[in-house]
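Chain identifiers are assigned alphabetically (A, B, ...) following the order of the sequence lines, protein sequences preceding nucleic acid strands; residue numbering begins at 1 within each chain.
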There are 2 protein chains.
Amino acid sequence: MPDPMYRQIAEDLRQKIESGVLGRGTQLPTELELREEYDASRTTIRDAIRLLITRGLVETRAGQGTFVVEQIDPFVIIVKPETGFGLGESAGYAADVTAGSRRPRVSMPRVEVQQATGVIASELLLADGSVVVSRHQQRFIDDTPWSLQTSFYPMSLVEQGATHILQAVDMPNGVVSYLAEVLGVKQVGWRDKITVRTPEVNETGFFKILEDGRIPVFETFRTSFDESGTPLRVTITVYPADRNQFVVSFGDVPASASA
Amino acid sequence: MPDPMYRQIAEDLRQKIESGVLGRGTQLPTELELREEYDASRTTIRDAIRLLITRGLVETRAGQGTFVVEQIDPFVIIVKPETGFGLGESAGYAADVTAGSRRPRVSMPRVEVQQATGVIASELLLADGSVVVSRHQQRFIDDTPWSLQTSFYPMSLVEQGATHILQAVDMPNGVVSYLAEVLGVKQVGWRDKITVRTPEVNETGFFKILEDGRIPVFETFRTSFDESGTPLRVTITVYPADRNQFVVSFGDVPASASA
DNA sequence: GGGTATTTGTCCGTATGTATT
DNA sequence: AAATACATACGGACAAATACC
């Protein structure tokens with residue numbers, strides 16, 4: 001038994017794309033033309049194209065047509081000790097991006113005092129509903145939206161004297177070094193949890209990606225610890241998965257030389 | 001101007017799901033019932049449901065109905081030095097999985113001698129078209145498909161005497177320790193590149209996920225280096241993103257205590 | 001700026017096939 | 001075997017976005 005017609009059409013178009021007959025960025029025939037070419041209804045043609053869309057091969061632009069997607073030059077997020085120890089918020093994370101001609105930029109933080117939800121509370125080893133300080137920032141590279149980041153700090157840090165984290169001001173040297181100065185608290189390690197999920201509505205808006213969940217987002221949970229093993233903060237960062245990749249190195253590794 | 005009707009319907013259903021009115025695993029009203037409830041055509045109802053499907057909230061089963069997806073207890077892939085140094089292929093990677101009651105299993109490797117393609121060649125610092133040995137394995141946890149893994153080794157290792165990597169036999173102590181024994185070559189570090197993409201057809205088949213690309217896959221490139229900084233091997237591993245997450249630790253981090 | 005043609009987006013109706021119970 | 005529910009496919013109509021003159 002053969003595949004349904006819309007799958008056959010999608011497969012035929014896929015081969016034309018991957019074989020290079022339809023190059024990157026070129027326009028596909030219009031739905032009307034494909035309708036005649038394959039002798040199918042417009043519904044069936046649209047089902048075929050939808051399959052190619054969810055596979056990430058083509059994109060449609062209302063009023064223009066259907067196009068083979070261009071390859072995106074990805075941002076590379078380097079995860080390694082040197083970029084993290086002693087560096088904080090903006091400084092540390094901006095340095096994560098591979099150099100090139102790319103200019104990172106960070107928005108002013110939005111600071112809130114709120115109650116810790118389940119995951120935040122458990123990561124910080126606090127009781128559910130404990131008060132925490134959240135600092136939220138939007139981060140750009142070359143003025144294109146790159147990531148959304150929120151850090152959560154236990155309120156006890158403020159009570160101990162680190163009052164500046166309540167101010168909506170970017171800390172050039174990072175919050176971690178500020179904590180070291182004021183409280184003598186040192187970050188000695190962290191744990192990153194990297195997952196993938198469909199984007200929330202506010203995220204699709206910021207990243208300007210389609211809000212139907214076709215493009216997933218990376219979500220990283222970074223829990224930082226001080227010398228006594230107490231969680232210092234939890235940082236949640238969200239990146240669109242279509243333009244980002246992570247690089248993790250261990251041991252002696254020569255400088256990167258590959259794409 | 002309000003959103004189109006199918007989006008409003010999808011939004012209404014989404015709220016019912018996330019608020020708990022429609023619990024995990026419960027069945028949604030049938031398309032016919034939804035048609036009457038929202039006074040829309042079946043096409044519009046199906047468009048709304050399709051939106052929820054690509055967002056990963058519901059799934060349809062022909063002949064049964066539409067159901068709210070169950071939450072999956074994810075596999076946690078630990079990326080840290082202790083699991084990698086001195087351990088190899090099967091041993092090292094099996095240990096990546098958090099303990100619990102989960103039993104990892106690895107298929108017999110499929111060994112091939114082939115020419116290195118672009119990425120493989122450049123990662124191994126070989127000329128394009130150089131001969132390499134590939135060892136491909138399917139990996140399971142509790143008999144559910146977990147990941148597909150292919151390692152590429154330069155043919156020069158075989159010529160220097162490491163002929164066992166040509167045999168289609170699992171190496172319980174790992175290929176890396178075998179190379180250390182036979183050739184005295186030690187793996188001193190590695191670099192992981194973690195990306196997300198839509199699955200290939202053979203991958204959807206193995207993982208038993210829908211082949212329309214709704215569920216993305218993690219793809220990790222691990223390049224391992226010896227003491228002289230020469231790439232020893234490249235390992236490509238593919239995991240379905242709906243049931244896996246990565247944990248990366250640096251520095252002093254207490255044993256995990258969180259979900 | 002405005003109007004028109006083109007192209008995709010939304011929505012309707014209907015019929016038949018296929019999987020499951 | 002029959003009923004149910006989703007899957008596929010056809011047809012048509014109008015709206016919205018875009019490009020071009």
Got a list of protein N/O to nucleotides 1-3 of chain D N/O distances below 3.5 Å?
none

Per the side chain to side chain contact (heavy atoms under 4.5 Å, CB included) rule, which among I120(B), L148(B), V119(B) passes with I236(B)?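 For I236(B), the side chain to side chain contact (heavy atoms under 4.5 Å, CB included) test succeeds with only one of I120(B), L148(B), V119(B), which is I120(B).
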Reference residue F152(A); test side chain to side chain contact (heavy atoms under 4.5 Å, CB included); the match among E112(A), H136(A), Q114(A):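 Between F152(A) and the candidates, side chain to side chain contact (heavy atoms under 4.5 Å, CB included) is satisfied uniquely by Q114(A).
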Readout for nucleotides 6-13 of chain C: B = base within 4.0 Å of protein heavy atom, S = sugar-phosphate only, - = neither; 5' to 3' it is BBBBBSBS
N-O pairing of R42(B) and E31(B) below 4.0 Å: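 Counted as a salt bridge, because a side-chain N and a carboxylate O are separated by less than 4.0 Å.
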Quick one: do the S107(B) and Q137(B) side chains pair a donor with an acceptor below 3.5 Å?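 Result is no, nothing qualifies.
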Just checking, any donor-acceptor pair under 3.5 angstrom between side chains of R139(A) and S147(A)?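 There is such a pair (donor and acceptor under 3.5 Å, judged by atom type) between the side chains of R139(A) and S147(A).
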F206(A)/F140(A) aromatic ring centres below 6.0 Å: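 Yes.
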Taking the ring centre of each residue, are Y239(B) and F246(B) less than 6.0 Å apart?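 Centroid distance Y239(B)-F246(B): below 6.0 Å, so yes.
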In Watson-Crick or G-U wobble terms, both distances under 3.5 Å, what is the partner of dA19(D)?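 Across all strands, the one nucleotide that pairs with dA19(D) is dT4(C).
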Take atom CD1 of I9(A) and atom C1' of dA9(D), then tell me their distance rounded to the nearest Å.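 Roughly 10 Å, once rounded to whole Å.
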Plane angle bin for F218(B) and F218(A) - parallel if under 30°, tilted between 30 and 60°, otherwise perpendicular: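 Judged by the thresholds at 30° and 60°, the geometry between F218(A) and F218(B) is tilted.
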